[in-house]
Amino acid sequence: MSIRSLEVPPDPCLAPHPDSAIRLASAVHRFPVPRINNGLDDLSFERAFRTTGSHPSTKALASQADEARISLSRALAGKGSNVSHQSIINAAQTYIPLIHRIMLSCKFQPEAARLDERLVFDWTSGMEKDGKAFKSEAIMYELVMTVSSLALGRYGKASEDSTSGDFASASRELKQAAGIVAHLAEDQLPQWIARGTNVEDTNLPSEVSVGVCDSFKFLFLAIGQQMAVATVLVKPGVPNYALLAKLTLAIAEYMELFSNTIRSEAQVQMPRIDQNFFSLITFQMNLQRALSNYFLARSIWADNDYGVAISFLREATSYLRTRSGSSTRGMPTIDAKSSLLPLKDDLNDLQKHMGDLLNAYQIDNSKVYFEKVPDTLPEEKKIASGIMMMKAEAYELDQDVEPAPLEVPQQRISGVGKPTTPGEDSDAALARDLQKKLNQGWLPPPLEVPQQRMSGVGKPPTPEEDSDAALARELQRKLDMGEEI
């Protein structure tokens with residue numbers, strides 16, 4: 001008898017998860033970045049502050065700001081594969097403290113904040129499908145658009161890292177992006193809109209509206225966890241399926257939270273955003289629930305509860321079928337014109353894998369185990385709520401900033417000269433409010449995900465849940481430190 005005839009064929013019930021699951025789980029929508037429309041010929045801090053910014057340190061600040069703005073404009077001007085998101089991150093990080101210092105200088109010295117020429121900041125939204133341009137004379141507008149560019153730069157960098165297979169780096173970038181948009185939604189934008197005399201949320205680019213920033217905080221955390229899951233799935237061997245089931249369920253929950261938040265808080269902005277993006281969100285919400293039930297089925301099968309495992313695997317396959325209507329579970333229709341067409345082959349492969357696995361489970365159960373398959377999922381086997389191990393990395397502007405001196409020539413102190421603009425009035429009011437808070441020891445509130453919006457709140461954790469939470473924290477620590485998973 002030959003050696004070959006003694007080889008045992010692989011058990012189809014132990015078939016590994018396919019690579020298509022990794023590719024689908026890490027698929028993201030790439031947003032174009034915003035653009036600066038006016039260059040040095042149209043806008044210059046040096047020329048605008050030529051008279052009142054004559055102090056050497058102020059002149060140096062204005063010159064540095066002009067140079068940094070040009071660098072950011074060039075970084076944002078790239079298209080397609082020519083966009084370097086790392087260059088956008090670097091340029092934005094250089095420009096933000098400069099424009100922030102100029103803004104605070106005007107706030108703390110409103111009587112001297114007189115310009116020799118107007119500053120009209122002109123940006124085109126990257127998030128909006130029509131590429132609409134928005135203009136404002138408020139320095140705060142320039143600041144929040146630059147901060148938003150930093151967030152979208154990190155999001156774009158995460159997409160690049162994901163494509164190259166560096167899921168751990170992508171996860172870290174998304175945690176930072178979540179913290180940046182949370183800062184905009186909870187700090188900068190509400191203060192500006194509340195105090196501004198001519199500022200309305202609906203008249204700003206979508207990427208700097210409160211509702212969009214508030215919702216994208218949840219989306220970036222969800223995508224960050226997608227990358228963490230992909231990091232586990234690419235490793236050889238059998239993963240912790242029970243933990244993966246809870247991580248992927250949390251991704252679906254946070255994507256649903258994103259969807260609900262943007263619908264309730266950004267009704268004006270939603271129609272402006274590329275609808276292909278929302279198609280991918282629907283795709284991912286159903287995919288993550290499919291994966292959660294799939295991983296749970298594999299965990300339950302390993303625990304020898306064969307009938308229940310079959311029931312959960314059937315549930316998983318139901319999320320991968322094309323849905324019959326917009327309000328039903330399942331995948332959006334993918335036809336020749338669909339933006340999801342590049343994902344179709346991987347989706348077909350994952351469907352086949354789950355179908356083959358389900359068939360193998362059923363054959364083994366019918367010939368060996370003879371366990372009853374429940375018609376409905378047992379409540380005690382369901383996961384009450386997922387584990388979100390991603391936490392937004394707190395972001396804030398440096399408050400320990402020394403204003404640059406502004407000097408008003410004597411002939412202009414008597415009231416002669418250019419009156420303040422509405423944008424400058426808004427900045428002055430913000431300055432007084434900020435100074436009052438700083439004097440009282442005010443600090444920005446810590447970023448917290450509103451737990452009341454998640455399921456399962458209020459239940460004491462079981463020992464198993466404590467163990468899974470500890471595993472999630474350890475996984476997050478390794479991702480943050482770049483350690484081997």
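Every heavy atom of this structure was used, including side-chain atoms; hydrogens, water molecules and symmetry mates were not. Nothing here was measured: the structure is a model prediction, and the numbers come from that model.
Paired with Leu247 under the rule side-chain contact (heavy atoms from CB on, under 4.5 Å), one option of Met388, Gln288, Gln226, Met389 passes, and it is Met389. The only member of Tyr155, Tyr254, Phe277 that meets ring-ring contact (aromatic ring centres under 6.0 Å, His included) when paired with Phe216 is Phe277.
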For Tyr294 and Glu315: C-alpha separation, side-chain torsions, deciding distance, then whether side-chain hydrogen bond (donor to acceptor under 3.5 Å, both in side chains) applies.
CA-CA 8 Å; Tyr294 164 78; Glu315 182 79 357; over 6 Å; no
Apply side chain to side chain contact (heavy atoms under 4.5 Å, CB included) to residues Leu115 and Leu119 and explain how you reach the verdict.
CA-CA 8 Å; Leu115 305 180; Leu119 292 171; 4.1 Å; yes
Verdict with reasoning, His183 to Ile180, per side chain to side chain contact (heavy atoms under 4.5 Å, CB included):
CA-CA 5 Å; His183 171 76; Ile180 295 168; 5.7 Å; no
Phe220 and Gln176: side chain to side chain contact (heavy atoms under 4.5 Å, CB included), yes or no, with the steps?
CA-CA 9 Å; Phe220 287 162; Gln176 293 183 72; over 6 Å; no
Could you go step by step and tell me if Ile251 and Ile223 meet the side chain to side chain contact (heavy atoms under 4.5 Å, CB included) rule?
CA-CA 7 Å; Ile251 294 170; Ile223 299 175; over 6 Å; no
What do the steps show when you test Glu160 against Arg30 for salt bridge (charged side-chain N to carboxylate O under 4.0 Å, His left out), and what is the final call?
CA-CA 9 Å; Glu160 292 174 356; Arg30 290 197 179 190; 5.3 Å; no
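Atom CG of Asp161 sits about 12.0 Å away from atom OG of Ser26, to the nearest 0.5 Å. Here the CE-CG distance, from Met331 to Leu343, works out to 9.0 Å after rounding to the nearest 0.5 Å. Taken from CD1 in Ile273 to NE2 in His29, the straight-line distance is 9.5 Å, to the nearest 0.5 Å. Here Leu24 contributes atom CG and Leu291 contributes atom CG; the two are 8.0 Å apart, rounded to the nearest 0.5 Å. For the atom pair OG (Ser162) and NZ (Lys157), the distance works out to 11.5 Å, reported to the nearest 0.5 Å. Interatomic distance, CG of Leu72 versus CG of Leu150, reported as 9.5 Å (0.5 Å rounding).
A donor-acceptor contact closer than 3.5 angstrom is absent between the side chains of Ser20 and Asp346. Side-chain polar atoms of Ser125 and Glu207 form a donor-acceptor pair below 3.5 angstrom. Using modelled atom types, one finds no donor on one side chain facing an acceptor on the other under 3.5 Å when comparing Ser105 with Arg101. A donor and an acceptor atom, one from each side chain of Asn38 and Arg69, are located under 3.5 Å apart. Residues Asn37 and Thr124 have side chains that bring a donor and an acceptor to within less than 3.5 angstrom of each other. Counted by atom type alone, Asn90 and Gln86 present one or more donor-acceptor pairs between their side chains at under 3.5 Å. Side-chain contact of Ser159 with Arg154: a donor-acceptor pair under 3.5 Å is absent, judged by distance alone. Tyr319 and Arg289 are not linked by any side-chain donor-acceptor pair at a separation below 3.5 angstrom, with hydrogens and angles left out of the test. Using modelled atom types, one finds a donor on one side chain and an acceptor on the other under 3.5 Å when comparing Glu128 with Ser206.
The shortest heavy-atom contact between Gly53 and Leu406 is CA-CD2, 4.5 Å. Closest heavy-atom contact between Gly330 and Asn286: N-OD1, 2.8 Å. Summarising the geometry of Gln269 relative to Val212, their closest heavy-atom pair is CB-CG2, 3.8 Å, with the distance given to 0.1 Å. For the residue pair Pro332 and Thr282, the shortest heavy atom distance occurs at CG-CG2, 3.9 Å. Across all their heavy atoms, Pro110 and Lys107 have their closest contact at CD-O, 3.2 Å. Across all non-hydrogen atoms, the minimal contact from Glu117 to Ser44 is OE2-N, 4.3 Å.
For Lys352, the salt bridge (charged side-chain N to carboxylate O under 4.0 Å, His left out) partners at least two apart in sequence or on another chain are Asp356. Residues passing the ring pair (Phe, Tyr, Trp, His ring centres under 6.0 Å) test with Phe45, sequence neighbours excluded: none.
Annotation: Gln275, atom CD; neighbour count of heavy atoms from other residues, nucleotides and ligands within 6.0 Å is above 12. No more than 12 heavy-atom neighbours from other residues, nucleotides or ligands sit within 6.0 angstrom of NZ on Lys59. Heavy-atom contacts from other residues, nucleotides or ligands closer than 6.0 Å to CZ of Arg47 number more than 12.
For Ser87 (side chain) and Ala75 (main-chain N/O), no donor-acceptor pair under 3.5 Å exists by modelled atom type. Side-chain atoms of Ser171 do not come within 3.5 Å of backbone N or O of Ala228 as any donor-acceptor pair.
Counting heavy atoms from C-beta outward, Ile36 and Phe121 have side chains that stay 4.5 Å or more apart.
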